[in-house]
Amino acid sequence: MSAATILEEEQKHALHSREFGFWIYLMTDAVIFALLFASYAVLAENSAAGPTSNDLFDLSRTAIETGLLLVSSLTFGMASIALMHDQKGRVVQWLFVTLLLGLAFLAMEMGEFGGMIEKGAGPEVSGFLSAFFTLVGTHGLHVAFGSLGIVVMIGQVLVKGLTAPVRSRLMRLGLFWHFLDIVWIGIFSAVYLPGVL
Amino acid sequence: MLGRLTVEALPFYSWVAMGGAAVTVGGGIAVFLLITWLRAWKVLWTDWLTSVDHKKIGIMYVVLALVMLVRGFVDALMMRAQQAFSLNSEGYLPPEHFEQIFSSHGTIMIFFVAMPFLTGLINIIVPQQIGARDVAFPFLNSVSLWMTAAGAALVLISLVVGKFSQAGWTGYPPYSGVEYSPGVGVDYWLWALITSGVGSTLSGINFIVTIVKNRCPGMTFMRMPMFTWTTLCISILIAFSFPALTVVAGQLTLDRTLGFHFFTNGDGGNMMMFANLLWIWGHPEVYILILPAFGIFSEVVATFSRKRLFGYTSLVYATACIALLSFTVWLHHFFTMGSSANVNAIFGIATMIIAVPTGVKIFDWLFTMYKGRIEFHPSMVYTIGFMVTFVIGGVTGVLLALPPADYLMHNSTFLVAHFHNMLIPGALFGYFAGLNYWFPKAFGFKLDTKWGIRSFWCWIIGFYLAFMPLYVLGFKGMSRRMEHYADPTWQPYLIVAAIGALFVLCGIACIAIQLYVSARKWGSARDITGDPWNGRTLEWATSSPPAPYNFAVLPEVTDIDAFHDMKILGQAYQPPQHYEDIVMPKNTWIGPALGALAFALGFAFVWYIWWLVALCFVLSLVCVGIRASDDNSEFVLPAAEVARIERERLAQISPADMHDMHDYVPRGAASGAPLTGTV
Amino acid sequence: MNHSAERSLSTYLTGFVLAVLLTAIPFALVWGGLLAGSAVYAVIAVAAVLQVIVHLVFFLHIDLKSTPAENLFFLAFAAVLIFIMVGGSLWIMMDLHHRMQ
Ligand code: HEM
Ligand SMILES: [Cu+2]
């Protein structure tokens, strides 16, 4: 075998390993979120004379945020389909749409956080708010890193083309993005909806 | 500019603290001068610190563990000395200093001795045991090492700049909260945990992928050596339990730095949640420390009894069982927090169930030894010492698993004796056995056995003297973490315990002498075949020390004890038909750089130097970016070079060096004739 | 993760429609106040679990045949552990909560 084919073989194996390693990473991240959810559940009632979830949550905002993330999952799916068909331009377009949706989500969330802090409902007010900001904020931070990842990957697709490593990275980024949407299901089901009941 | 860091942070307030700082700084300077004097900086940097070779990373882990063992043991000596004399008196340590010492002792022993020691041994051996050329992610491996080292450095620097935590190795709030511990100590503790925790999580993921994806042809899961099995299990435990540590440490950090209320007394915090989350990580953690040692004992017992491991399958299932069960018992660490009888009973029963698979293992090892030709190599002696001693610890553990009994013994020195009884034989002895067993593999020459045996005797005598009195003291009502006491009947026991610690000191000295003596006469103890003990598993098929690629040609296996079979069939030491090019990862400075940045980041966080926090964060992102866009991180070792290295090795081995396998050939029961083709 | 499965547009669209439905139901219930008491919580929980499964199947393309066994193993293991950790924590903490009153 020539050096080039060996490198190629090796690269294929390495990419498989990375995809599997990334999957395990996602599982560990899922445990982190699960424990943040547990912390929230334990502290949700402890508003300590401060504002309660009923005073603070605005379901229509949550609904829009949910919609943004859900649609962004679909658009990332479109990018994956384009990737399968080797349509470089399409991939970039759909990634770009996904990025915009992600940023819109982040903007809404920051608006929400900012509004709460202004109203005197920051994380240092009560156990409930500490747990709320930590859980939702950690998810938001992940979305921010995901968006950064999309920017980087748009750059890589444009510069390097749809090479094997780029495809593999895109696939992992997609997993990450869909994973964040799953976490969000937990957030609206365990935080926002019960919070206004 | 420097946050809350002022000259007052320097330890000029007490002679003992100044002594500690002087030793730390002096040690650092001495190492610096030694390296300079040896003109070794360049070699150190290019061959070691920047290395991504799993064997070298493993060796660096073990060195870190041994250095920190000395530090952690000095803490233990200081505590034993204090308690030996502090009957009705202050002793020589003021309370706030004594508190720092037991906190740093526990933290160091768990995070910076046991964890790096086992990670190091795994790094050196597991890829070779599965017939792989490397771990799945060599660069990530280097990052893990340097994150762990950064955590250790944070603990060390706390001796010089500021103070360490006084809240014990478990750091329970509200005491560890900012209200009662306003200084930097708890922050040092938290950042040491967080950085080294990230390192451990990454190596956990790395070894899961390595073992699942990089096994050589023919090595099914049920043909993996026991040490590899235990590594797989603890890597899974690490990957799934360390997130809990990250969460709980992160939450306490938020409480302390940003005024959150996860665990505060008032404002809706719930400090019981801290104990709950901490032990969700903490119980699996003790199995993370112990299972690899069980793996080592399994290898050692089989090799030095000259028999196939008894009950391989049951050992595998017992290990897997322990791993899963270890996630279901965490409440036994806080039986006394006030849960109802039902909750305590369920967790108590689950705890006792774990003793069953552990017992299975002990019997498997005993049956392996039964009718074996036992050779009392130091690693085997450590193993036997472990089996005898560990059973006592297991019995006291089952005792503590009874909630009503635990109500009496909780937080007493009985508990201290129990967990040392688990961790010293069950973890440390295993690592020492591994050190004696695999040292020739890593360095190419054997360790002196005489000093090895001496170290064992000192350790085991020291252990019994130091901890058996604590069981008694627990019954007499002494609680743990006492700086002084008023009951004169305790003192004799504490003096015996102090003498025990002196024996352990001798044990550590013997290990140091053993290393020194062996290094001095390494030429006469060289391991030429790569198989000094007539080993059974694949790590003995490589040269000692192994070539960077471990295996020139990937082996193929058909059974457990693959190398044993190869030797019987005469397949060992045979040059292959032809060699191939091998892809190797290039060394990189990014691992150590990320470690340095993690250290600086932690330090800056501890002292509230926010600009430095931001700077380190950005620089870390830059490092990651540089690495991620580097498509040129590997090189090809040409087949001709591989052939040269291998020929040189094989030329050195004469048939006289090889083990005589005649006695091991399976024979027909009736005829006594060798059975061909049935190995 | 899944290299062989066909990732067609229709898979994503089916997943999307199902997800929208499973989101809309709990939101509508809460907004409209259609149900009361613990029934609402039950519906929210069931819808959430179903939606997680929908995402796993239609967006992450998990299926029992073509997803590599080790990935399935770790997914299942994570699910079991999350159940033990979260369930255990809540059980312990609720129990303590009651006994403190
Ligand atoms: C080498 C001999 C050792 C001696 C003489 C020793 C001695 C001690 C002493 C005197 C204490 C304080 C007991 C008290 O609270 O009253 C202690 C605590 C502790 N030790 Fe050791 N130890 C040794 C080795 C180890 C090892 C190998 C480990 C772990 C791998 C370990 C882990 C701990 C932990 C976790 C604590 C609890 C710290 C705390 O209270 O926060 N020790 N040890
Ligand atoms: Cu435990």
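Per chain, numbering begins at 1; letters A, B, ... match sequence-line order.
- Side-chain contact of A/S47 with A/S126: a donor-acceptor pair under 3.5 Å is absent, judged by distance alone.
- Note on ring orientation: taking the six-membered ring where Trp is involved, the planes of A/H178 and A/F76 are perpendicular (angle over 60°, cut-offs 30° and 60°).
- Contact annotation for A/S60: both backbone and side-chain heavy atoms come within less than 4.5 Å of a heavy atom of chain C.
- Heavy atoms of other residues, nucleotides or ligands lying less than 6.0 angstrom from CZ of A/R90 number 12 at most.
- Residue with the most contacts toward chain A among C/V20, C/V40, C/T23: C/T23 (heavy-atom pairs, distance under 4.5 Å).
- The shortest heavy-atom contact between A/E109 and A/V136 is OE2-CG1, 3.2 Å.
- Here the side chain of A/R169 pairs no donor or acceptor atom with the backbone of A/M153 at under 3.5 angstrom.
- Distance check: A/L74 CG to A/L69 CG gives 12.5 Å after rounding to the nearest 0.5 Å.
- By the 4.5 Å heavy-atom criterion applied to side chains, A/V157 and A/K88 are counted as neighbours.
- Comparing C/L13, C/L29, C/I44 by heavy-atom pairs within less than 4.5 Å of chain A, the highest count is held by C/I44.
- Looking at every heavy atom in both residues, C/S8 comes nearest to A/I81 through C-CD1, 3.7 Å.
- Annotation: maximal heavy-atom pairing with chain A below 4.5 Å, among C/E70, C/H97, C/M85, occurs at C/E70.
- C/L90 touches chain A through its side chain: at least one heavy atom from C-beta onward sits under 4.5 Å away, while N, CA, C and O do not.
- Heavy atoms of C/L75 lying under 4.5 Å from chain A belong to its backbone as well as its side chain.
- Applying a 4.5 Å heavy-atom cutoff, the residues of residues 189-197 of chain A that approach chain C are A/S189, A/L193, A/P194, A/V196, A/L197.
- Both the backbone and the side chain of C/F27 come within contact range of chain A, judged by heavy atoms closer than 4.5 Å.
- Looking at every heavy atom in both residues, A/Q11 comes nearest to A/P165 through NE2-CG, 3.4 Å.
- Below 4.5 Å, heavy atoms of chain A meet heavy atoms from C/Q51, C/V52, C/H55, C/L56, all part of residues 49-58 of chain C.
- Side chains of C/T11 and C/T14: no donor on one and acceptor on the other come within 3.5 Å.
- Counting heavy atoms from C-beta outward, A/L170 and A/L95 have side chains that approach closer than 4.5 Å.
- The six-membered or imidazole ring of A/F132 lies near that of A/F57, with a centre-to-centre distance under 6.0 Å.
- Remark: side-chain polar atoms of A/H16 are not paired, donor with acceptor, to backbone N or O of A/A14 under 3.5 angstrom.
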